[in-house]
Amino acid sequence: MVLALERFGVWLRSSVVCLCGALGVVLADAAEIPLAMSLLVPAVLACGVRLHALRNPLPFRLLWTLDAAVLVLMRGRPECGSRRA
């Protein structure tokens, strides 16, 4: 049960990251596309490593670092709920 819940969480997070990233690239002005891509690519790579870790276990320190990196990268994206006045 715990493994199924972990898999669901990893897939859900990866889907949300990809969706928010795609929205960020689509909604960005031409000048902001490099910034949007610079935030999207590392987040997608971190999600890919996390998905890979479902089959091949990795050290917990690496997994926690990847999770923190995704949080920091996606927090900077206004499309994911961090609208600033």
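As a basis for the values below, the full set of heavy atoms in this structure was taken, side chains included, without hydrogen atoms, waters or symmetry mates.
Distance SG/Cys47 to CG/Leu66: 9.0 Å, rounded to 0.5 Å. The distance from atom CG of Leu71 to atom CZ of Arg13, rounded to the nearest 0.5 Å, is 7.5 Å. To the nearest 0.5 Å, atom CZ of residue Arg7 and atom CG of residue Leu12 are 15.5 Å apart. Rounded to the nearest 0.5 Å, atoms CG (Leu40) and CG (Leu35) are 11.0 Å apart.
The two residues Leu63 and Leu58 come nearest to each other via the heavy atoms CD1-O, 3.9 Å. The two atoms that bring Val17 and Ala43 nearest to each other are CG1-CB, 3.8 Å, heavy atoms only. Heavy-atom minimum distance, Ala31 versus Pro34: O-CD, 3.6 Å. Between Ile33 and Val25, the closest heavy-atom pair is CG1-O, 4.3 Å.
Criterion: ILVMFWY side-chain heavy atoms under 4.5 Å apart, direct or through other members. Under it, Val10 and Phe8 are not part of a common hydrophobic cluster. Tracing side-chain contacts under 4.5 Å through hydrophobic residues (I, L, V, M, F, W, Y), one never reaches Val41 starting from Val49; they form parts of separate clusters.
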